[in-house]
Student: 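Here it is, the structure in full.
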Amino acid sequence: MTVRTRFAPSPTGFLHVGGARTALFSWLYARKHGGKFVLRIEDTDLERSTMESVNAILEGMTWLGLEYDEGPFYQTKRFDRYDEVIQDLLERGLAYRCNCSHERLDKLRDEAMKRKEKPRYDGHCRGIEVNPNEPHVIRFRNPETGVVAVDDLIRGRVTFNNEELDDLIIRRTDGSPTYNLTVVVDDLDMKITHVIRGDDHLNNTPRQINILQALDASPPIYGHVPMILGDDGARLSKRHGAVSVMQYREAGFLPEALLNYLVRLGWSHGDQEVFSVDEMIELFDIDAVNKAASSFNTDKLLWLNQHYIKQDDAKRIAHLLSPHMGNLGIDPSQGPDLVAVAEAHQERARSLVEMAEMSAFCYQDYEAFEEKAAKKHLRPAAREPLERMRETLDSLGEWTEETLHAAVEQVSADLDVKMGKVAQPLRVAVVGRAASPGIDVTLYLVGKEASLRRIDKALDYIRQREANVG
RNA sequence: GCUCCCUUCGUCUAGUGGUUAGGACGCUGGCCUCUCACGCCGGUAACAGGGGUUCGAGUCCCCUAGGGAGUACCA
């Protein structure tokens, strides 16, 4: 038996992290077992499904690298097949027509609640012949007794009493099939062996198993993965700040960082924190997935992101960084080589957005000195070092990291001060703030012309300060 | 309300009857150092509560509390 898993989102919004992790687990399971991963779009809710959502989901999966082997299959294209199954169920007496009004149903529910019971359909139409030409729904005839056991890969054995279940609607008045019917038919037709999905579906499972049994089919193996909660521990949902995985790309995250973060949320392999995709496939074990929901922690994601930025090839980072520079209104082709700029900042940035911001000085003059930095480093005592540096740099033959490093060392030695006394004022002069890569690289990237111009600006600032005091 | 699920540091987790309850993020002290960052060394902090079972319980059972899901002609 070859393993076949699936991801079956409903296209009513973007792909958020919860869905992405479910997809990841399902994908990993298929990859690990040399199986197939199927993508199915559950768009039977015609009101809420949109093509934009389909595209957003596809885009998210592509970005993360969760490629599917089959699909996407659209349920709206399979209505004939569902009708066929419903018809069969009807003929075999396993489903029946029902024309109970909404009013009656509402009343039933209210009364049950009043009696402190679980609201369920009372089977009113079970024995009644409803005219097929009148508006009606079709309900599945659920067994009235016995138990349904789900041997879940993650939860273990979970049992439900059939008495708790009721005759669910499998076809609406408008003739469209409902979720619990379509999943069952699709998983069956698509020969899905392992259903790995969010645990919000755990309660649906016994109903689906009952339908499967009515169809003389044996159920797949289920694995219900826990939910993901937000940073604040509150539910991460569309309504409460759930964000699209694509927003993580915009925020400057690498897909491998998000994937790594997601795989460690609810799953672990000893003390290992960093997993390449290949390692995930090799080591992933659905039995080791946690039962409890976990909270999303952006700080840890940032840490992983920094790890991957640091480790990655500077060329690739530069390539990914480029659009973020663009967002800042910078054209990286007008200035130093972006690869060199990226390399200089790889160990400093937690995200590509941060990297873009901290390396903007390589391409454009800062607007103003950071106040604290200027106050501390651009004081009268810094005037002489800066003047000397300006002189030295102006007459520097070759503008390389080596010559620049030597220049700063030379000035420090001449003045008989520690390197910091020269490098820090110089850094603030050239960058506008007190933090940047090594002073030699910084100067190299900024270039001679801009460096001298900015040093002059800093000297002006110092002179003005001296004048104010004097 | 009812049914089902869940519960180890702030967060992600290790742990499968005997551990000084381990790791990671964060926070924090230090080292390195031209700054920031990286790196390295150290610190902080947890078994939800109560009953059992057992020589022994974070680990097994029960109860309580708290959280979550479902309870739709949504998926």
Side-chain angles (χ1 to χ4, degrees), chain A residues 8-12 42-45 47-49 75 98 100 102 105 109 112-120 135-139 150 152 154-155 158-161 163-166 168-180 182-183 198-206 224 226-227 229 231 233-235 261 264-274 290-304 306-307 310 345-350 358 373 377 405 408-409 412 418-428 431 433-440 442:
Chain A
S10 62
T12 55
E42 309 219 324
D43 54 354
T44 53
D45 184 351
E47 304 267 305
R48 299 193 303 151
S49 301
Q75 293 192 319
C98 165
C100 289
H102 280 99
L105 264 21
R109 190 162 30 240
M113 294 281 267
K114 241 175 244 168
R115 276 181 275 123
K116 303 194 176 201
E117 280 172 19
K118 181 174 179 164
R120 45 195 298 285
H136 65 273
V137 299
I138 294 176
R139 288 181 185 272
V150 184
D152 194 279
I154 296 167
R155 306 290 157 146
V158 182
T159 58
F160 299 84
N161 282 314
E163 292 162 22
E164 299 296 335
L165 275 24
D166 64 356
L168 70 158
I169 291 171
I170 55 176
R171 187 166 76 175
R172 305 185 182 92
T173 306
D174 67 4
S176 61
T178 61
Y179 167 74
N180 281 299
T182 59
V183 214
D199 77 1
D200 46 338
H201 289 296
L202 186 55
N203 287 295
N204 287 322
T205 309
H224 287 93
M227 308 267 91
L229 275 26
D231 268 321
R235 191 191 163 173
Y261 179 73
R264 276 287 288 105
L265 211 51
W267 176 78
S268 61
H269 183 261
D271 286 340
Q272 188 169 344
E273 295 288 348
V274 177
N290 271 176
K291 298 173 182 181
S294 34
S295 297
F296 197 90
N297 184 237
T298 306
D299 280 332
K300 188 156 184 179
L301 171 60
L302 242 11
W303 172 75
L304 271 169
Q306 180 170 38
H307 169 85
K310 211 160 54 189
H345 291 91
Q346 270 181 292
E347 289 193 341
R348 296 173 163 76
R350 296 188 302 170
M358 61 175 66
H377 298 290
H405 189 83
V408 178
E409 272 189 332
S412 310
K418 286 195 174 179
M419 206 166 144
K421 291 286 179 199
V422 177
Q424 273 309 86
L426 187 55
R427 171 172 283 112
V428 178
V431 183
R433 51 190 151 76
S436 85
I439 192 65
D440 39 12
T442 299

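Letters A, B, ... mirror the listed sequences (proteins, then strands); counts begin at 1.
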Student: Output one letter per nucleotide in nucleotides 20-25 of chain B: B when a protein non-hydrogen atom lies under 4.0 Å from the base, S when only the sugar-phosphate is that close, - when neither is.
Tutor: --BBBS
Student: Would you say A:S294 places a side-chain N or O within less than 4.0 Å of OP1 or OP2 belonging to B:U13?
Tutor: yes
Student: Side chain of A:R427 only, heavy atoms from C-beta on: which candidate in B:C34, B:C38, B:A75 is closest?
Tutor: B:C34
Student: Please report whether the ring centroid of A:Y179 lies less than 6.0 Å from that of A:H201.
Tutor: yes
Student: Just N and O in the side chain of A:S268: are any of them under 4.0 Å from OP1 or OP2 of B:C12?
Tutor: no
Student: Between protein and nucleotides 42-50 of chain B, map the contacts as a letter string: B base, S sugar-phosphate only, - none, heavy atoms under 4.0 Å, written 5' to 3'.
Tutor: ---------
Student: Please encode protein proximity along nucleotides 1-8 of chain B as a string of B, S and -, counting only heavy-atom distances under 4.0 Å.
Tutor: BBSSSSS-
Student: Specify the separation, in whole Å, of atom CG of A:L302 and atom C1' of B:U11.
Tutor: 14 Å
Student: Looking only at the side chain of A:S295 (C-beta and beyond, no hydrogens), which of the listed nucleotides B:C12, B:C73, B:C38 gets closest?
Tutor: B:C12
Student: Please state whether the phosphate of B:A75, meaning OP1 or OP2, lies under 4.0 angstrom from any side-chain nitrogen or oxygen of A:T44.
Tutor: yes
Student: Pick the closest RNA chain B nucleotide for A:A349 and for A:R120 by heavy atoms, then say which residue is nearer the 5' end.
Tutor: A:A349
Student: At under 4.0 Å between heavy atoms, what does A:T173 touch on the DNA or RNA strands: base, sugar-phosphate, or nothing?
Tutor: base
